[in-house]
Structure formats: C-alpha cells, structure tokens
Number of protein chains: 2
Amino acid sequence: MLSRLVTLRKSRKWSMQETADRLEIAKSTYAGYEYGYREPSLQALSDIADLFETSVDHILGRSEQSLELTKSIDEESISLTLDGVSLSNEELIDFIAFTRIKRELSKKETFIKKEA
Amino acid sequence: MLSRLVTLRKSRKWSMQETADRLEIAKSTYAGYEYGYREPSLQALSDIADLFETSVDHILGRSEQSLELTKSIDEESISLTLDGVSLSNEELIDFIAFTRIKRELSKKETFIKKEA
DNA sequence: CAAAAATGTGCGCGAATCGAAAACATATAT
DNA sequence: ATATATGTTTTCGATTCGCGCACATTTTTG
C-alpha cells in the first residue's frame, strides 16, 4: 500500500531510524509502514507526506492525478506556481490560448508536409 | 479530520445510507467518518476519494497543494492536461519561458511608469 | 393527519490492528 | 575484530475498527 515510501526515503538518503526520528515515531513503527504490515493513522500519513514534501495521494500510489487546466480556472482545487509565485488566472488563460494555438499550428504543419 | 465529507456528500444529494451502500460499508461506519469519531482504513479512504472523484488530500483537508511548474518538468508527480491532452514537456517549458518574460516585462512597465 | 418508511445518531462488542519495546541479524565504521 | 548503526521480526497491551442493533428524527405516502 505504501510502497513508494522506500523510494522517497532513499532519495533523501535517510535511514529508517532517521526517518522515524523526524516523524517522532518508533523505527519499528515506520518499518511496519514500509514493509506493508502496518498502516499509519491519517495523522501519521499526513505527517509523512509533509516530511517528504509530497501529497498523500502520491504516497498512496493513487493513479496520478491529472490536472485539467481549463478546469482549474476559478477552482480552488490546486494552485499552480511558477518560481514560487502563484499563477494568476490571467496568466493561466493566456497559457491556455497560447498552447491551443501552438497545437493548432503544429497540426497544420503536419498537414502541409503531408500534402507536399 | 474528515470534515469535508459532509459537503462532498450533500453536494451530490446522497444520504448517508446511499453513500455507505456505494462504498459497500455499513452506514454506521460511514457516519463515524463524518462525525469524526472513526477513521477509515487507507483502502476505505481511497475508495471514498474515488467515489467523490476527488483527491485524498482534498478529503483530508490538507493545505491545498500548490504545484510548482518548474518542478513538474520530468517529475512524475502530477500530469497537467489541456483539453484532455496531456501537456508535453516542451509545451510546459515554452510556457515557463513565456510567463517569465511576461512577468519581467510587466515589472519594467511599472518601472517606466514610475519614472515618467 | 396518521401510519409507514427512510434517515440520522449513538452504543456496545468481538475482531482487527496499532505503536512501541525488545531481540536478533546484518551491515558499516572505527 | 569490535563496536556501533541499521534493518527486520516478534510480542503484547492498548486502541479502535466495523458492524449490528436500537432509538430518535425526519420524510414520504395513502
């Protein structure tokens, strides 16, 4: 269930002990999570996500969320940031237009090439 | 901990019973989640997120995720889609450049205006 | 309006499982 | 080679999960 923990921990070069310490739980408890014979409480799960600076969904290995840009306008689901500054609706709208046009153009290019 | 459940359920106009049925659990079990005196297992939590077509993080009320665009290049965290088509790295890179430049320009504009 | 059905709310219990301590195995460092 | 750190498993008391059941409240139906 929590198979991604191993990767997350090792990419940080932390031992189980160190990870457990940071989470303020016993190493055997943490080990239980990694080995899969224990499940953390929701609070612990949340703490783990915070520690690894990732989402709970990612830790749970849930089918990676795909964020549809057109839907994220005016919705408070996920906020996008660039260089730490959150993306304004205007920037998002510009981007959508920008990319749609680029996609249209690349279609036409292909079409022309085929014709030639 | 799971205070968002009420909203999610009611926005669908489901009774507790109906929700529990869809989740294939007892209504008293589901009620426990909503009232906050019970926590679902990770599997149940995941099922709930699926049922409500939302993320576990959202259900847990975790500080809304912000996705840093520069970090999402080459990372398998969340995939962005536009009009149902997933965003290529190239499109993302272009957008980052595009927006950075726009931001730079708007700074300068302000500067010029101040000078004038 | 009254009866019936559905829904919400809470209790109690057996079963499941949590979290930690401890012991042991294995690896790393001195 | 010995000590120290890390990984892994077992054990156990305490917690709490999930459900059935009962009752209150609301909604539906005739």
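We name chains A, B, ... by the order of the sequence lines, and we start the count at 1 in each one. The model shown is predicted, which means the values in this text are computed figures rather than measured ones.
- Here the shortest heavy-atom pairing between B/Tyr30 and B/Ala20 reads CB-CB, 4.1 Å.
- If B/Ala31 and A/Ala26 are placed on DNA chain C by their nearest nucleotide, the residue sitting closer to the 5' end is B/Ala31.
- Applying the salt bridge (Lys or Arg N to Asp or Glu O under 4.0 Å) definition to pairs two or more places apart or across chains, those involving residues 18-30 of chain B are B/Glu18-B/Arg22.
- As a whole-Å value, the separation of A/Asp21 CG from D/dA5 C1' is 12 Å.
- Applying a 4.0 Å cut-off to non-hydrogen atoms, none of the residues of residues 7-16 of chain A approaches DNA chain C.
- When heavy atoms are screened at a 4.0 angstrom cut-off, B/Tyr30 is found touching no nucleic acid atom at all.
- At whole-Å resolution of the value, CD in B/Gln43 and P in C/dA16 are 18 Å apart.
- The distance from atom CE of B/Met1 to atom P of D/dC17 is 12 Å, rounded to the nearest whole Å.
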Look for any protein N or O under 3.5 Å of an N or O in nucleotides 10-13 of chain D and output each such pair with its distance, or none.
none

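- Although no hydrogens or angles enter the test, the distance criterion places no donor-acceptor pair under 3.5 Å between the side chain of A/Glu39 and the main chain of A/Tyr33.
- Taking atom CG of B/Leu2 as the reference point, atom C1' of D/dG18 lies 15 Å away to the nearest angstrom.
- Between A/Glu34 atom CD and D/dT6 atom P the separation is 14 Å, expressed in whole Å.
- The residue among B/Pro40 and B/Lys27 whose nearest nucleotide of DNA chain D lies closer to the 5′ end is B/Pro40.
- In this structure, A/Asp47 places its CG atom 14 Å from C1' of C/dG19, rounding to the nearest Å.
- Of the candidates D/dT6, D/dG18, C/dG19, D/dG18 carries the atom nearest the B/Ser41 side chain, counting heavy atoms from C-beta on.
- Side-chain proximity of B/Tyr33 to D/dT6, C/dA20, D/dG18: nearest is D/dG18.
- Taking both residues in full, the closest heavy atoms of B/Arg103 and A/Leu82 are given as NH1-O, 2.9 Å, listed atom of the first, atom of the second, then distance.
- Under a 3.5 Å cut-off, the side chain of A/Arg62 and the backbone N or O of B/Ser46 do form a donor-acceptor pair.
- One can place CG of A/Leu5 at 14 Å from P of D/dG7, the figure rounded to the nearest angstrom.
- When each of B/Ile93, B/Leu87, B/Leu92 is checked for a side chain to side chain contact (heavy atoms under 4.5 Å, CB included) with B/Leu69, only B/Leu92 meets the rule.
- Nearest heavy atom pair, residue A/Leu51 against residue A/Arg12, reads O-NH1, 4.0 Å.
- Rounded to whole Å, atom P of D/dC19 lies 10 Å from atom CG of B/Leu23.
- Checking side-chain atoms of A/Glu91 against main-chain N and O of B/Thr99 turns up no donor-acceptor pair under 3.5 Å.
- Nearest heavy atoms, B/Ser55 versus A/Asp57: CB-OD2, 3.4 Å.
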